Amino acid sequence: MNPMMNPQQNRPGFGRRATSAFTRLLVTLIILGLGGAVAFLLSQLNARTFTLAQENGQLVVMKGRLLPTGAAPYRPGDARLADAYAPLSTEGRDVSALLEQRFTERDELDRALFPVLEGLARPRVQSDDPAVLEKGLYFLRRAELLSGLTEEQRRTLETMKADVAFFQARQKLEQARRDVTEALTQLKIASESRNRNTQRANQMLSVVGPAAQALEKALRTVDASLAEAGASPQPSGMGLPPPAPEGQQAAPPQGTEATPPPTTAPPAGVRTSDTETQQRPQ
């Protein structure tokens with residue numbers, strides 16, 4: 001064999017070089033593809049992750065961005081969800097343990113937020129101060145918007161709602177009394193001027209007026225009795241008259257007078273006839 005061979009014969013062929021280059025390119029693409037897939041999966045996981053941050057004395061719900069890292073304040077498009085996860089004033093409560101947690105599901109976030117709302121609401125819903133009670137009701141309403149609560153947390157929420165049901169009923173009755181009073185005022189204005197609704201306004205006043213006055217009187221009576229009971233509470237059964245003998249009417253308690261039944265006289269300015277109710281200008 002000739003020791004002096006052509007140097008070109010020692011070089012690999014073009015096909016071998018092309019195969020090697022293609023192999024390196026394929027490996028590089030596979031590595032880049034795997035890296036991209038990992039980054040995408042991390043971004044998806046981070047986008048579903050909730051955290052809590054404390055800013056200016058408020059507990060802020062943060063939601064991960066569609067990136068491997070990073071988060072922004074959670075601002076859902078649904079108005080109910082926006083109210084549920086709005087920044088929450090901690091009012092000096094220690095929430096440092098929540099700041100270290102990560103929640104991969106919104107239900108987990110709801111269960112973590114409920115104890116904070118419960119702690120803020122419970123002492124306020126037990127107050128007789130309307131302003132303090134209203135603040136407690138605000139926290140209760142926010143707790144109701146959390147859909148991921150456990151059964152035990154839902155029972156706790158229902159118990160607190162039952163505790164304030166009486167005060168809510170009083171507020172609604174008071175609002176109803178004000179609305180009825182305003183409606184009667186508007187009807188009286190309509191009945192005192194000549195217009196196409198004068199006769200109907202008079203008819204409504206003659207029918208609704210006595211019932212509205214009775215409602216207002218009953219509410220004022222109840223409010224007065226509750227105020228008196230709060231000032232000087234008595235044991236159950238005290239202050240009630242003994243049962244009257246059969247066939248006799250029970251006498252009113254001492255110090256009170258029997259209240260005559262409300263009359264159903266039409267309001268001032270209204271005259272009635274046998275055929276219809278009419279209003280005559282004075």
Side-chain angles (χ1 to χ4, degrees), residues 28-127 129-165 167-168 171:
T28 302
L29 291 176
I30 291 175
I31 293 174
L32 292 176
L34 291 175
V38 171
F40 176 76
L41 292 176
L42 290 176
S43 299
Q44 291 290 325
L45 179 61
N46 187 60
R48 296 199 306 265
T49 300
F50 295 91
T51 56
L52 294 170
Q54 193 169 16
E55 300 178 359
N56 300 323
Q58 291 184 322
L59 194 63
V60 181
V61 178
M62 309 290 289
K63 193 173 188 298
R65 300 179 185 271
L66 192 56
L67 295 171
T69 60
Y74 182 39
R75 294 186 176 91
D78 190 337
R80 288 176 57 86
L81 293 180
D83 292 339
Y85 301 111
L88 178 65
S89 176
T90 59
E91 301 188 5
R93 295 179 61 88
D94 183 15
V95 294
S96 57
L98 294 176
L99 306 181
E100 302 173 357
Q101 300 183 32
R102 297 174 63 88
F103 311 97
T104 57
E105 297 292 340
R106 206 175 70 195
D107 288 354
E108 297 177 359
L109 174 65
D110 291 350
R111 298 182 188 114
L113 285 176
F114 180 79
V116 180
L117 290 168
E118 178 191 1
L120 293 170
R122 187 176 293 279
R124 290 171 174 81
V125 298
Q126 297 174 354
S127 173
D129 187 344
V132 177
L133 176 62
E134 184 60 33
K135 192 71 175 293
L137 292 177
Y138 164 75
F139 293 122
L140 277 186
R141 286 191 292 267
R142 288 196 55 169
E144 286 184 278
L145 297 175
L146 302 178
S147 60
L149 303 182
T150 65
E151 289 300 322
E152 182 179 357
Q153 288 175 335
R154 292 187 184 280
R155 286 194 295 268
T156 301
L157 178 60
E158 292 300 322
T159 300
M160 289 193 295
K161 288 169 58 179
D163 290 339
V164 300
F167 299 98
Q168 288 180 303
Q171 289 180 348

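It should be emphasised that the depicted structure is a prediction, and the values quoted were computed from it without experimental measurement.
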Qualifying residues under side chain to side chain donor-acceptor pair (under 3.5 Å), relative to D110, sequence neighbours excluded: Y85
Donor on one side chain, acceptor on other, S127 and D129, under 3.5 Å: no
Kindly compute the distance separating [atom1] ([X]) from [atom2] ([Y]), expressed to the nearest 0.5 Å.
X	Y	atom1	atom2	answer
T159	R122	OG1	CZ	8.0 Å
L137	E144	CG	CD	9.5 Å
L120	E118	CG	CD	10.0 Å
L109	T51	CG	OG1	9.0 Å
E134	L140	CD	CG	10.5 Å

Working for side chain to side chain contact (heavy atoms under 4.5 Å, CB included), residues M160 and F139: CA-CA 11 Å; M160 289 193 295; F139 293 122; over 6 Å; no
Check against side chain to side chain contact (heavy atoms under 4.5 Å, CB included), L59 and L99: CA-CA 9 Å; L59 194 63; L99 306 181; 3.9 Å; yes
Taking atom [atom1] of [X] as the centre, does the number of heavy atoms from other residues, nucleotides or ligands within less than 6.0 Å exceed 12?
X	atom1	result
R141	CZ	yes
R93	CZ	yes
Q101	CD	yes
R65	CZ	no

At their closest point, which heavy atom of [X] faces which heavy atom of [Y], and how far apart are they?
X	Y	value
M62	A53	CG-CB, 3.9 Å
T69	N46	C-ND2, 3.6 Å
L145	R80	CD2-NH2, 3.2 Å
L157	A143	CD1-CB, 4.0 Å
A121	G136	CB-O, 3.8 Å
P115	A112	CD-O, 3.3 Å

R155/E152 ion pair, N-O < 4.0 Å: no
Q153 (side chain) donor-acceptor with R111 (main chain) under 3.5 angstrom: yes
pair T104-R48: side-chain heavy atoms closer than 4.5 Å: no
Test item: P76 and K63 side chains (from C-beta on) under 4.5 Å apart, heavy atoms: no
Test side-chain contact (heavy atoms from CB on, under 4.5 Å) applied to P87 - qualifying residues, sequence neighbours left out: Q58, V60
Partners meeting side-chain contact (heavy atoms from CB on, under 4.5 Å) with N56 (sequence neighbours left out): none
Worked verdict on T156 versus L149 for side chain to side chain contact (heavy atoms under 4.5 Å, CB included): CA-CA 10 Å; T156 301; L149 303 182; over 6 Å; no
Working for side chain to side chain contact (heavy atoms under 4.5 Å, CB included), residues L52 and F103: CA-CA 9 Å; L52 294 170; F103 311 97; 4.2 Å; yes
